[in-house]
Structures are given as C-alpha cells and as structure tokens.
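Numbers restart at 1 for each chain; the letters A, B, ... are given by sequence-line order, proteins then strands.
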Number of protein chains: 2
Amino acid sequence: MPTTEKGQAKRSALIAAVIDLVNNNGFHAAPMSLIAKRAGVAAGTIYRYFDGKQDLVNKVYLEVKEAFSASAFRDYAPTDSVEDDFRTIWYNIAAFKLRERDKAVFLSQCDNTPMIDEASRQEGLRHLRPLLDLWQRGQAQGIIRPVSPYQLYAFSIYPIAFLLHMQQRDLYDITQPRIDEVYRMAWDSIKL
Amino acid sequence: MPTTEKGQAKRSALIAAVIDLVNNNGFHAAPMSLIAKRAGVAAGTIYRYFDGKQDLVNKVYLEVKEAFSASAFRDYAPTDSVEDDFRTIWYNIAAFKLRERDKAVFLSQCDNTPMIDEASRQEGLRHLRPLLDLWQRGQAQGIIRPVSPYQLYAFSIYPIAFLLHMQQRDLYDITQPRIDEVYRMAWDSIKL
DNA sequence: ACAAAATGAATGAACGTTCATTTACATAGT
DNA sequence: ACTATGTAAATGAACGTTCATTCATTTTGT
C-alpha cells in the first residue's frame, strides 16, 4: 500500500467516495468503477489500497466510527456530576451528527445492513466504553435508571439517528432550540 | 397475474422468501434466482406476479407495513384518556415486533435503505395517522410535549427497533418485565 | 535508470429479465 | 365417463448487462 502523501490523499478520496455513493444510492449502487471515478483514480488502483470491496467497506465503517467516537468524547474528562458529563457527551454526539452529516448518515446505513461483518461491528462498539462507564456510575449513584445499557442507548442516543434521517428526507429540521428540546427528552427518558 | 388459490399461495411464498433472504443476508444478497428457489418456483414465474425486482421489493414493504399498522391499531377506539390510548397502541406495536419478529426486522431494514422508493415510503407513513392524531389530542390537553411528531416518534417508538436489533444479534433479551420498563421510558420521554 | 505507483482493457462470474416451450386445468363435445 | 380443445400458468435455458477483480503495460518520482 502506498504510504506517500499523495497516496494518503487518494485513500481519503476513496473513503469519501464510498460515503457519498452509499449515502445517495445505497450499497447496491456503489460499484467499484464509480467509486474509482468519483475518487479520481483508475479502478485497479483501489486494490493497491484495499484488499477488495468488502475490506474497503469495512475500513470505511471503522474509520468513520472512530471519527464519531473521537468527537463524542472530545475534551471529555469525568467530573463529579453524572448529568453534566452526560450532557457534554450528548451534545458532542449531536454536534457530530449535524456537522458531519454525511458520516452520520453513513453510520446509520451500516447499523442495519449485513454488508458490514460482525467483527467490524464489535470493534466499532468498543469505542463507546466511556459512555457505558458513565451510565454505570450514574446507576450506582441512583441517578440513572437501573436498566440495560442498550435500553439507555435506545432512548437517549438512537433517536437522534431517526431525526437525522427525517432531516435527510426534508421532513424535519433540526434547529438549535429544538436540539435543547431533544436533549431534555433524552435525559428525561434515562434519568430516575 | 394469476388469481387462483394456488397463485395466491405462490405470491405469499415469494413475499416470505424476500423477507427471509433480506433479513439474513441483506438486499445485496437476495438475487431473484434465490428468491425463486426459496419460494419453490422457477425464476421466470416471479414476473407473472410482479413487474420486476423493484416492484417486488416495494410490494413486500407495503404489505408488511400494512400488517404492522393493522396490528398497531387493532381494536383501537379512542377513549377519554390519552395515556390509556397511547399505552394500548404502544403495547400493540411492541407485541407485533416480538410476535412477528421477521416482519419487524424487515421493516427496519427498509427504513434506512434507498432500495425502497420514496413513493412507497410515503404510502407506508400514511398508516400512522391515528397515532399522530392521538398525539395532537394529547398536546391540546397539555399531556404530551408540544414538539414535532417526529420527535415523539423518535423517542417513544423508534427505540423499540433498536432493542429488537440488539435482540437479533443476541446482545439483549426482551422479557416481559423489561417491556414494562421500556414502556415507562417511552412514556416518560413524551409526557409533560 | 530503477522501482513504486497507477492505469484501464480484459476476464469471468453473477445478475435481472425474457421467451419459446411445456404443463396444468377448466370447459365442451361425444 | 372419457377425450379433445383452448387458455392460463409455469418453466428454465439463454441473453445482455454489469460487476469485482486481475495484470500486462505505462507513468511517475527519485
């Protein structure tokens, strides 16, 4: 795999092309030939950077998931207040989904498709550790409902993906005052 | 299109085959040849019942969505209590997703893929009218948060899909006492 | 001049769809 | 009751297309 500066630029262009094509037309309409053209390289060049389509898609998923986690926990240092910590992380996540809409949409496409193999998904889940720890701390303090972390995630984080999807279809618009509303709903569903 | 009794049986077998294949391997791994084999018919026979793959997938989506709505509003007659009405509908929806897991998983696969065209999606959304009306009534009475119905849906209904998906991956198990927990979280997120 | 990187035409597998043919079935005639 | 006839249903091999992948060749960078 090329490791030059230009090489990295091509790698990035390929990843961006996959995100763009998958978001606008789905996995079934993202052939390698188009990915190559969109990235400004020849079809064969892809195989110098990735082992094949499956590998390419998995790598894109992992890199985007990493970017997501990095955003979610940016500047995060646990304080004494579980609620403050949760608010920090929640707003980070919301900001990522709004600012990097393409990446967020791509992730939600991946979450329900068997195109990503289970190994990569497990790897992607690993990054959420700090949030799970926070919830556990909140539960120990009697601040967070004593339920499965999956339930907490389903009600406080997952809904954002739905709203993003509606926004993508021009049925709903997430403006700033609404974000605060949404946060309140998220917190009210998991707090005790 | 054949209208005999045997014909309808084949049509149903085809629809079941699509649901099964899409759920287990995704849209990209559900070729017409496999759909035919799974349904016990020859490849060409599909085209006597559907106009092509796109039409087949759309029809499956619409029929499953209809079954979902029928379950959601089964025996539903508005009462004086918005909360009671919501509970009725919510438990109907939860019961459907547990009882008819295949259909529910299929619907959630469809919700994020461009494989279904926008027209069919709009048509599918139409069925949720009674729930939107209920929420509006609740808002007029000051019982339900005065926010977009998409937000209400995102927090009270959509999370069930996430939990179902986790259950599908054996990471979470929805047992009866948990359902009541989940309902409380749903209600707490939308009530005032 | 050398090696690494990039190319894009060629390849074969897989796909959705078609259609000439066969099969199943209902109705009519004897 | 049996067979002939007409029509609808079903078949699956064949077709054209598209896809991911390869590799002999060319281009680029040092």
Side-chain angles (χ1 to χ4, degrees), chain A residues 1-62 106 109-110 113-117 120, chain B residues 1-61 109-110 113-117 120:
Chain A
M1 182 175 72
T3 54
T4 63
E5 196 174 324
K6 276 177 81 172
Q8 288 309 306
K10 283 188 184 176
R11 216 189 102 100
S12 298
L14 282 167
I15 288 180
V18 170
I19 294 172
D20 194 41
L21 283 171
V22 168
N23 281 357
N24 290 313
N25 307 99
F27 279 104
H28 75 288
M32 295 296 257
S33 53
L34 249 184
I35 293 171
K37 182 175 286 184
R38 191 67 67 98
V41 303
T45 306
I46 300 179
Y47 294 84
R48 296 192 52 78
Y49 294 85
F50 302 96
D51 286 341
K53 194 173 187 181
Q54 182 69 49
D55 180 57
L56 170 59
V57 169
N58 280 332
K59 291 258 170 65
V60 174
Y61 172 76
L62 281 175
F106 179 79
Q109 293 253 5
C110 291
T113 189
M115 190 86 214
I116 307 293
D117 49 45
S120 299
Chain B
M1 181 173 71
T3 54
T4 62
E5 196 174 325
K6 275 176 81 173
Q8 289 309 307
K10 284 190 183 174
R11 216 189 102 100
S12 297
L14 282 167
I15 288 182
V18 170
I19 293 174
D20 193 41
L21 283 171
V22 168
N23 281 357
N24 290 313
N25 307 99
F27 279 103
H28 76 287
M32 295 297 256
S33 53
L34 249 186
I35 293 170
K37 183 176 286 184
R38 191 67 67 97
V41 302
T45 307
I46 300 179
Y47 294 84
R48 297 193 51 78
Y49 293 85
F50 302 96
D51 287 341
K53 193 175 187 182
Q54 182 70 47
D55 180 56
L56 169 58
V57 169
N58 280 331
K59 292 260 169 65
V60 174
Y61 172 76
Q109 293 254 5
C110 291
T113 190
M115 192 84 216
I116 307 293
D117 50 45
S120 298

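B:Met32 has its CE atom 16 Å from the P atom of D:dG12, to the nearest Å. Here D:dT18 presents its C1' atom at 13 Å from NE2 of A:His28, a figure rounded to the nearest Å. Between the CD1 atom of B:Ile35 and the P atom of C:dT17 there is a distance of 10 Å, given to the nearest Å. Whole-Å rounding puts the B:Leu14 CG to C:dT17 P distance at 14 Å. The CG atom of A:Leu21 sits 16 Å away from the C1' atom of D:dT18 (whole-angstrom rounding).
Side-chain contact between A:Ile46 and A:Leu14 is present, with at least one heavy-atom pair separated by less than 4.5 Å. Two residues are said to be in side-chain contact when any heavy atoms from C-beta on lie closer than 4.5 Å; B:Phe50 and B:Ile15 meet this criterion. Considering only heavy atoms from C-beta on, A:Tyr61 stays 4.5 Å or farther from A:Met115 through its side chain. Two residues are said to be in side-chain contact when any heavy atoms from C-beta on lie closer than 4.5 Å; B:Leu34 and B:Asn25 fail this criterion.
Looking at the side chain of B:Pro31, the nearest of the listed nucleotides D:dA20, C:dT7, C:dG16 is C:dG16.
Pairs of residues two or more places apart, or lying in two chains, that qualify as salt bridge (charged side-chain N to carboxylate O under 4.0 Å, His left out) and include a residue from residues 19-44 of chain A are A:Asp20-A:Arg38.
If you check residues 45-61 of chain B against DNA chain D, the residues with a heavy atom closer than 4.0 Å are B:Thr45, B:Arg48, B:Tyr49, listed by number.
When B:Val22, B:Ile116, B:Asp55, B:Val18 are each tested for a side chain to side chain contact (heavy atoms under 4.5 Å, CB included) with B:Val60, only one passes: B:Val18.
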